[in-house]
Amino acid sequence: MNSQVIKVGMLGGTFDPIHHGHLRSALEVREALGLDRLHMIPAPQPPLRGVPQVSAEQRLALLKTGIGATPGLYADCRELRRAGPSYSIDTLAELRAEYGEQARLVMIIGFDAFLRLPQWHRAGDLLSLAHLVVMARPGYQAPWPEELNELVGSFEVEGANSLMQRPSGGVLMLTLPSMMAISATYIRERLSEGKSVRYLLPEAVEEAIQEKGFYQHFSQHDE
């Protein structure tokens, strides 16, 4: 592979709020895959999820605060500008157009989201635009549902080097060293109860949340 070919990752999420688990995973994925850039993209209202309590613009501001000056990580607001539901296929198409046909483009998702992949909008077209990297839990081996196996089972590769031989089309199960068990739901619950969230998220994010009075009322939607 030409060493000049850019390697780009897309990591979407609600980030409600951004915490150390999100940020550490982003860094470890970037390192493991040798990514030049990793776009962290907050979703306005993901199609398969509940409605976040804090606005999309406020979550984006917290994400920017959390990333700070960390090299290679970018808070990307493109899905907030899009009308209607937020679909990953549209974001991948935009990134592919921006970076070109030879760029190595990777969509990174968690294992729980991976299990729901057959429900995604135009799921069968995702691998034509990008690779799929699944952040697997250490020591956790769950069988893939038949529908998922039919969709992507034949595209699985072993290791980042194999994945990066082509611009798109591979599936990689990636176990990260840290995989911090931090839950945004737990953080929101503690904030609503006036309890400390120190060391669960960056101090600057905690200060911004307290200053703005976010998460004063507990919201029990998905992570």
Side-chain angles (χ1 to χ4, degrees), residues 1 5-15 21-22 25-26 28-30 32-35 38-50 76 78-79 82 84-177 179 181 183 221-223:
M1 185 183 73
V5 172
I6 192 168
K7 291 181 278 188
V8 181
M10 163 194 163
L11 177 60
T14 313
F15 304 127
H22 297 135
S25 293
E28 290 183 356
V29 167
R30 180 178 177 242
L33 300 178
L35 299 176
L38 177 54
H39 293 251
M40 298 183 72
I41 307 178
Q45 183 180 342
L48 301 178
R49 296 277 290 279
D76 186 327
R78 73 182 65 228
E79 292 196 2
R82 193 177 297 152
S86 171
Y87 294 122
S88 295
I89 190 75
D90 298 327
T91 303
L92 289 174
E94 288 182 7
L95 289 170
R96 175 57 71 192
E98 289 170 21
Y99 286 105
E101 292 302 313
Q102 290 306 308
R104 275 44 176 167
L105 180 58
V106 179
M107 181 174 69
I108 301 132
I109 62 174
F111 192 77
D112 290 343
F114 177 62
L115 292 177
R116 297 192 298 268
L117 192 68
Q119 303 172 39
W120 287 29
H121 180 63
R122 291 177 57 197
D125 296 331
L126 293 171
L127 292 180
S128 67
L129 290 170
H131 296 299
L132 182 62
V133 169
V134 182
M135 295 183 290
R137 301 167 188 160
Y140 182 72
Q141 295 292 333
W144 297 7
E146 183 178 350
E147 190 178 10
L148 178 61
N149 200 51
E150 290 175 359
L151 182 66
V152 299
S154 62
F155 300 100
E156 188 176 6
V157 301
E158 294 289 336
N161 288 339
S162 297
L163 191 76
M164 293 299 179
Q165 294 304 309
R166 296 183 297 156
S168 61
V171 177
L172 175 67
M173 307 302 290
L174 182 66
T175 301
L176 302 180
M179 287 301 288
S183 159
H221 63 74
D222 291 340
E223 163 73 8

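Not measured: the values here are computed from a predicted model.
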ask   = What do the steps show when you test E101 against R96 for side-chain contact (heavy atoms from CB on, under 4.5 Å), and what is the final call?
value = CA-CA 7 Å; E101 292 302 313; R96 175 57 71 192; 3.9 Å; yes
ask   = Yes or no on side-chain contact (heavy atoms from CB on, under 4.5 Å) for I108 and L38, after CA distance, side-chain angles and deciding distance?
value = CA-CA 10 Å; I108 301 132; L38 177 54; 3.5 Å; yes
inquiry  = Would the distance check show the side chain of H131 and the main-chain N or O of R166 forming a donor-acceptor pair, the cut-off being under 3.5 Å?
reply    = yes
key: Heavy-atom pair of closest approach, residues F15 and L11   = CZ-O, 3.8 Å
key: Chi angles and distances behind the side-chain contact (heavy atoms from CB on, under 4.5 Å) call for T91, R82   = CA-CA 10 Å; T91 303; R82 193 177 297 152; 3.1 Å; yes
request  = Determine, stepwise, if the pair W120 / I89 fulfils side-chain contact (heavy atoms from CB on, under 4.5 Å).
outcome  = CA-CA 9 Å; W120 287 29; I89 190 75; over 6 Å; no
Min side-chain heavy-atom separation L33-K7 under 4.5 Å = no
query = Taking all non-hydrogen atoms of both residues, which atom of A136 and which atom of M173 are closest, and how far apart?
reply = CB-CE, 4.5 Å
key: Distance-minimising heavy-atom pair for G124 and L151   = CA-CD1, 3.9 Å
Residue pair V106 / M164, side-chain heavy-atom distance below 4.5 Å = yes
ask   = Any sub-3.5 Å donor-acceptor pair from E156's side-chain atoms to V152's backbone N or O?
value = no
query = Below 4.5 Å, heavy atoms only, C-beta onward: do S168 and L105 meet side chain to side chain?
reply = no
ask   = Is atom CD of E98 surrounded by more than 12 heavy atoms (other residues, nucleotides or ligands) closer than 6.0 Å?
value = yes
key: Sidechain-backbone polar pair: R104 side chain, Q102 backbone, donor-acceptor under 3.5 Å   = yes
